[in-house]
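Working notes for the structure below.
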Amino acid sequence: MREFKRTDRVADQLQKELAVLIQREIKDPRLGMVTVSGVEVSRDLGYADVHVTLLGEQDAERIKENMAVLKRAAGFLRSQIARRIKLRHAPELRFHYDESVVRGQHLSSLIDEAVANDRDRRDDEPEGGDDEHGEGARD
């Protein structure tokens, strides 16, 4: 059980360090606003799966380009991580695009649209069958 706690601590530290490194040290102009949304570290600490989101980027080609920049910078980032975190071996970094934020925004907009449509429909109904609370009799 202790091993999992250590991997969680290493993952949290990697997430913090990578967020700063990506923002400050990668000078590639093609790289957009990258957010490190999560890091999962293998049990042997050999690999770290880094999940990133790209703020304002929904074009598949731009996402692909940003991921390529991060993959090319993985060696540099790994060497910087090795200096900042005291580990015997810095884990190999594998970057993955995290669609959960975009998917969440899309679902939220669908919900907002459905609520607005429902509200519009309710406003268009005649008021004859409503009780004092604005709701009609229901069986």
Side-chain angles (χ1 to χ4, degrees):
M1 179 124 167
R2 183 177 169 170
E3 183 177 358
F4 292 110
K5 289 182 180 177
R6 178 158 191 245
T7 59
D8 290 344
R9 287 194 311 266
V10 170
D12 287 344
Q13 189 64 34
L14 279 173
Q15 183 174 352
K16 291 174 189 170
E17 295 293 340
L18 283 170
V20 171
L21 285 169
I22 290 171
Q23 183 181 24
R24 295 183 183 164
E25 301 295 329
I26 298 180
K27 304 296 185 196
D28 196 314
R30 295 170 295 172
L31 193 62
M33 289 293 298
V34 175
T35 303
V36 180
S37 59
V39 176
E40 297 170 11
V41 180
S42 64
R43 293 179 74 179
D44 66 355
L45 303 177
Y47 295 94
D49 290 315
V50 182
H51 300 276
V52 297
T53 58
L54 302 168
L55 299 178
E57 296 291 343
Q58 295 188 12
D59 178 40
E61 193 59 38
R62 284 283 298 141
I63 291 169
K64 190 176 177 181
E65 185 177 40
N66 277 269
M67 295 308 294
V69 169
L70 288 173
K71 286 177 183 173
R72 272 195 297 281
F76 167 74
L77 292 170
R78 184 179 183 192
S79 68
Q80 295 298 309
I81 289 293
R83 292 181 186 167
R84 293 173 179 235
I85 299 177
K86 302 297 182 212
L87 294 172
R88 280 195 195 118
H89 301 285
E92 182 181 325
L93 303 174
R94 301 185 294 199
F95 290 95
H96 306 280
Y97 177 64
D98 184 3
E99 294 180 349
S100 64
V101 173
V102 173
R103 194 169 40 245
Q105 289 173 340
H106 178 68
L107 290 174
S108 180
S109 69
L110 288 175
I111 290 169
D112 291 344
E113 184 180 324
V115 168
N117 288 340
D118 189 43
R119 194 173 296 130
D120 291 344
R121 229 179 291 135
R122 213 182 270 155
D123 291 344
D124 292 342
E125 286 180 3
E127 294 188 26
D130 290 350
D131 64 9
E132 63 190 32
H133 298 292
E135 295 188 16
R138 294 195 174 114
D139 291 324

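If you're wondering where the values come from, they're calculated on a predicted model, not measured in any experiment.
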Hey, can you pull the donor-acceptor pairs under 3.5 Å for the side chains in residues 111-121, sequence neighbours left out?
residue	atom	partner	partner atom	Å
N117	ND2	E113	O	3.4
D118	OD2	R122	NH2	3.3

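Shown here are the salt bridge (charged side-chain N to carboxylate O under 4.0 Å, His left out) partners of R88, two or more places apart in sequence or in another chain: there are none. By the side chain to side chain donor-acceptor pair (under 3.5 Å) test, R94 is found to be paired with D49, residues two or more places apart in sequence or in another chain being considered. In this structure, E40 has no salt bridge (charged side-chain N to carboxylate O under 4.0 Å, His left out) partners at least two apart in sequence or on a different chain. For the side chain to side chain contact (heavy atoms under 4.5 Å, CB included) test, residues two or more places apart in sequence or in another chain that qualify with A19 are V36. For M67, the side chain to side chain contact (heavy atoms under 4.5 Å, CB included) criterion is met by V52, I63, L70, F95, Y97, not counting sequence neighbours. With sequence neighbours left out, R78 forms a salt bridge (charged side-chain N to carboxylate O under 4.0 Å, His left out) with no residue at all.
Across every non-hydrogen atom of V39 and A11, the tightest pair is O-CB, 3.3 Å. Considering all non-hydrogen atoms of both residues, S37 and D98 come closest at OG-OD2, 2.7 Å.
Here CD1 of I81 is found 9.0 Å from CG of L87. Values are rounded to the nearest 0.5 Å. One distance of note links CG of N66 with CZ of R62; it measures 5.0 Å at 0.5 Å rounding. Of the inter-residue distances, the one linking E99 atom CD with T53 atom OG1 reads 11.5 Å to the nearest 0.5 angstrom. The NZ atom of K71 sits 12.5 Å away from atom CG of L93, with the distance rounded to the nearest 0.5 Å. Here CD1 of I85 is found 10.0 Å from NZ of K16. Values are rounded to the nearest 0.5 Å.
Applying the ring-ring contact (aromatic ring centres under 6.0 Å, His included) test to residues at least two apart or on different chains, none of the pairs has a partner in residues 62-88. Each ring-ring contact (aromatic ring centres under 6.0 Å, His included) pair with one or both residues in residues 6-59, not counting sequence neighbours, appears once here: H51-H96. Within the structure, the ring-ring contact (aromatic ring centres under 6.0 Å, His included) test picks out no pair touching residues 7-34 (sequence neighbours left out). The list of side-chain hydrogen bond (donor to acceptor under 3.5 Å, both in side chains) pairs with a residue in residues 17-35, not counting sequence neighbours, reads Q13-E17, E17-R84, D28-R30.
Between V50 and L14 there is no side-chain heavy-atom pair separated by less than 4.5 Å. Residues L77 and I26 form a side-chain contact, since some pair of their non-hydrogen atoms from C-beta on lies under 4.5 Å apart.
Annotation for V20: hydrophobic cluster partners, listed by chain and number, are none (ILVMFWY side-chain heavy atoms under 4.5 Å, direct or chained).
Of the charged side-chain nitrogens involved, none lies within less than 4.0 Å of a carboxylate oxygen, so that K64 and E61 do not count as a salt-bridged pair.
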